Amino acid sequence: MACTTILIGKNASYDGSTIIARNEDSPSGEFCAKRMELVHPSDQPRHYRSVISHVEIDLPEEPMRYTSVPNADDSEGVWAAAGVNALDVAMTATETLTSNERVLGADPLVELQKAQGKEGEEGYVPEVPGGIGEEDMVTLVLPYIRSAREGVQRLGSLLDQYGTYEMNGIAFSDVNEIWWLETVGGHHWIARRVPDDCYVTMPNQLGIDDFDLTDAMGDQAEFMCSADLAEWMDANHLDLTLTSDLFDDDEDQELADMERIFNPRDAFGSHSDADHVYNTPRAWAMHRFLAPHNDWDNPDVGWNPEADDLPWCMVPERKLTIEDVKYVLSLHYQGTAYDPYGRLGTEATRNMYRPIGINRNCQLAVLQLRPQAPEGSCAIQWMAYGSNPFNALVPLFANVDRTPDYLSNTDAKKVSTDSFYWANRLIGALADAQFTASQPTIERYQMAVGAKGHKLVGEADAEVSQLGYAEATERLTEANDRIATMLKAETDKALFDVLDIASAGMKNAFSRSDG
C-alpha cells in the first residue's frame, strides 16, 4: 500500500502521549473501503492462513482483545492496518518501503510459488507458500504483545522464520516508547527506538538513516536487528559507510573501533528518480510544517523536496498535537508552487509531486497512548476515512466491547450515507470539484468534530476516573456511541452543504429563473 507515517515521541507531544499515525492509501486508480472492528479473543484464529501468500501459522492460545481497521471486502485477507490491544500497546502496519537490487539479490523476497502441473502426474511441482506481509502482520502480532519492544521481537521472530514477500515499515508503541521496524530483503530486519523528543516522517521509502549495529547486537537499548545482520551485510558488501566521513580524529576512530554505526538508507534503501517525485517531497512537506525555520524553501541553504538526506527524525520547534498530525497527513503542499489546488507556480509544478492528502487515502488511524489519563481510558484511536484534506478525525476509546456501527458498517459495494466511510468519500469527491467554495464548509466540519470530540473525551475521562480498567469498558463503549452520534450529525451537515455548493457550480447552471 502507498502510505505516509508520522511518529511522535512522548516528550515531543503536547500531553506526554506517544503517538503513531499512518495514512493507508489504495493503489493508483483503486479505492479500498475500510471499516473498524473490535476483535475479541474468541474471534481470533488459532491457525492462520494468508490469502495472498498461503503461509500457514499456528497462533498462541491466549490472544488479547484488540481494535483493527480491516478491509470491508475481505477477499484478499483481513488487512487489519492499525489497532490497540487490551494492554494499551498499539501497532500500525504497514508502510510500504523501497529497496535496491543488492539487498534483494542477497536476500530475495519470499514469494508464493504456485504449483506446476497436476498432483500425481509426472513433473508435478507442489506449491511453496510465501512469507508474511501487510495483509497479516497486525493479526499475527498485536494480540500477543505486552510492550512496543515485544512487538519488535515477535514480528522479528516471524520474519526470521517465515520471511516476507515485500518491504515494509511497522510502528509499535506503548505509553513509554515507540519502536520502528523496517524489513530488509526476505528475512532480515532492523528496528530503532524513536527518540522521546523527536518526530519521525516516513513516506514509502526506507527511512532509518543512522543505526548502531553494536547496540543492536548487544544491549539493544535503542536498536534491534536480525541476529545475523552484521555477518550478512559483510558477506554481501552492503555497508557503504566511509569511516573518514564519520570520524574526525583519533579519539573518534577509537570509538569507531568499539561501535559500528552505519546509514541503513544508503545500505538498504533506494536511490531512484521516482523517489524524488513520489516519496521525498512528502517528508519535506512534513518537516517544513513541523520544523519551519530551517530554510526549507531556499534550496541554496536548506533541504529541498528532492533531497536524498532528509532526516528520519527531528526535534520539533514546539510540542505537537493531534491536530498537527491530521494536518501533516492531509498536506497537498499548501503555500508552495506544488499545490494542485493552488495558484502559485505553473500547471507543471502544481502536479509535480505526489501529495500526502491524496484522493485514494482510505483510512487514517492516529493511535494515542496517554500516560496521565484515568485507568482504562489511556488509549484513543482517532479515525478518519476517505481523502484527508476533506475528512474529519474523530476520537474513539480502545478499551471497549464493540465499535460504533457508523464506523464499522462499511459495505464494500453499497454507497450509503449511514456509513462514515462512504459519507466521507462523497464529501471529498464533491468538495474537490469546488475546492475554493467548499473550503469554509470543510474547515467548519473538521473544527466541529475535533472540538466536540475533545470535549466528549474529557467528559468520559471524568466519568471513569474512579473506575478500574475493566469497569471502565462499559462506560467507554457508551462514550464511543455518543461520539459516533455527534460525528454522524456533523458529517450529514457537511455533506448537505458541499452538495449544495457542488450543485450550484454545475456546468449546466443558468442565471435566469422562470418568470
Side-chain angles (χ1 to χ4, degrees), residues 3-24 66-67 81-85 87-95 97 137-138 141-142 144-156 168-183 189-203 206-212 215-216 219-225 264 283 286-287 290-291 311-316 319-322 324-326 328-329 364-373 378-382 398:
C3 310
T4 310
T5 292
I6 183 168
L7 316 172
I8 300 175
K10 61 186 179 182
N11 294 337
S13 73
Y14 71 109
D15 66 347
S17 296
T18 56
I19 301 172
I20 62 175
R22 179 176 65 96
N23 288 345
E24 182 182 359
Y66 62 102
T67 60
V84 184
N85 71 20
L87 289 180
D88 296 332
V89 180
M91 176 182 182
T92 177
T94 69
E95 181 80 24
L97 305 181
M137 290 181 179
V138 170
V141 176
L142 185 57
Y144 311 104
I145 57 176
R146 305 176 68 86
S147 68
R149 182 181 291 267
E150 279 193 18
V152 173
Q153 293 166 340
R154 174 165 174 79
L155 180 55
N168 282 315
I170 300 94
F172 300 95
S173 64
D174 54 42
V175 292
N176 294 311
E177 59 183 6
I178 300 171
W179 281 84
W180 177 252
L181 182 150
E182 296 182 332
T183 64
W189 56 272
I190 58 175
R192 181 178 174 185
R193 183 182 183 275
V194 175
D196 292 337
D197 61 347
C198 288
Y199 69 88
V200 167
T201 63
M202 282 299 308
L206 195 133
I208 298 175
D209 57 3
D210 180 72
F211 196 86
D212 186 338
D215 178 58
D219 294 338
Q220 299 185 340
E222 305 290 332
F223 301 86
M224 288 188 272
C225 68
M286 288 191 280
H287 284 308
L290 299 171
W312 179 70
C313 67
M314 286 189 70
V315 176
K319 301 283 190 178
L320 302 181
T321 68
I322 297 297
D324 292 325
V325 174
K326 176 63 168 69
V328 297
L329 292 182
L364 162 60
V366 182
L367 308 178
Q368 179 186 17
L369 303 178
R370 307 178 299 158
Q372 306 304 323
C378 162
I380 297 180
Q381 182 160 338
W382 296 77

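Only a predicted model underlies this, so the values are computations on that prediction, with no experimental measurement involved. These numbers come from the heavy atoms of this one structure, side chains and all, not from hydrogens, waters or symmetry mates.
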With sequence neighbours left out, the residues meeting side chain to side chain contact (heavy atoms under 4.5 Å, CB included) with Ala398 are Thr67, Val84, Ala379

When rounded to the nearest 0.5 Å, the distance separating CD1 of Ile170 from CH2 of Trp179 is 14.0 Å

Residue set satisfying side chain to side chain contact (heavy atoms under 4.5 Å, CB included) with Ala12, at least two apart, ordered chain then number -> Ile8, Pro316

Residues passing the side chain to side chain contact (heavy atoms under 4.5 Å, CB included) test with Cys378, sequence neighbours excluded, are Asp88, Val175, Leu369

By side chain to side chain contact (heavy atoms under 4.5 Å, CB included), Cys313 pairs with (sequence neighbours left out) Arg192, Pro195, Cys198, Val200

Notebook entry, point to check: Would you call Thr5 and Trp180 a side-chain contact if the rule is heavy atoms closer than 4.5 Å?
Noted result: yes

#### Entry: Aromatic ring pairing Tyr199/His287, orientation class (parallel under 30°, perpendicular over 60°, tilted between)
tilted

Residues passing the side chain to side chain donor-acceptor pair (under 3.5 Å) test with Asp215, sequence neighbours excluded, are none

Rounded to the nearest 0.5 Å, the CG atom of Leu367 sits from the CZ atom of Arg22 at a distance of 9.5 Å

Handout entry: Flag, side chain of Asp196 to backbone of Asn11, donor-acceptor distance under 3.5 Å
Key = no

Exercise. Ignoring hydrogens and angles, tell me if any N or O in the side chain of Arg193 forms a donor-acceptor pair with the backbone of Ala221 under 3.5 Å.
Key: no

d(Trp312 CH2, Glu182 CD) to nearest 0.5 Å is 7.5 Å

Salt bridge (charged side-chain N to carboxylate O under 4.0 Å, His left out) filter on Asp209, not counting sequence neighbours, yields Arg265

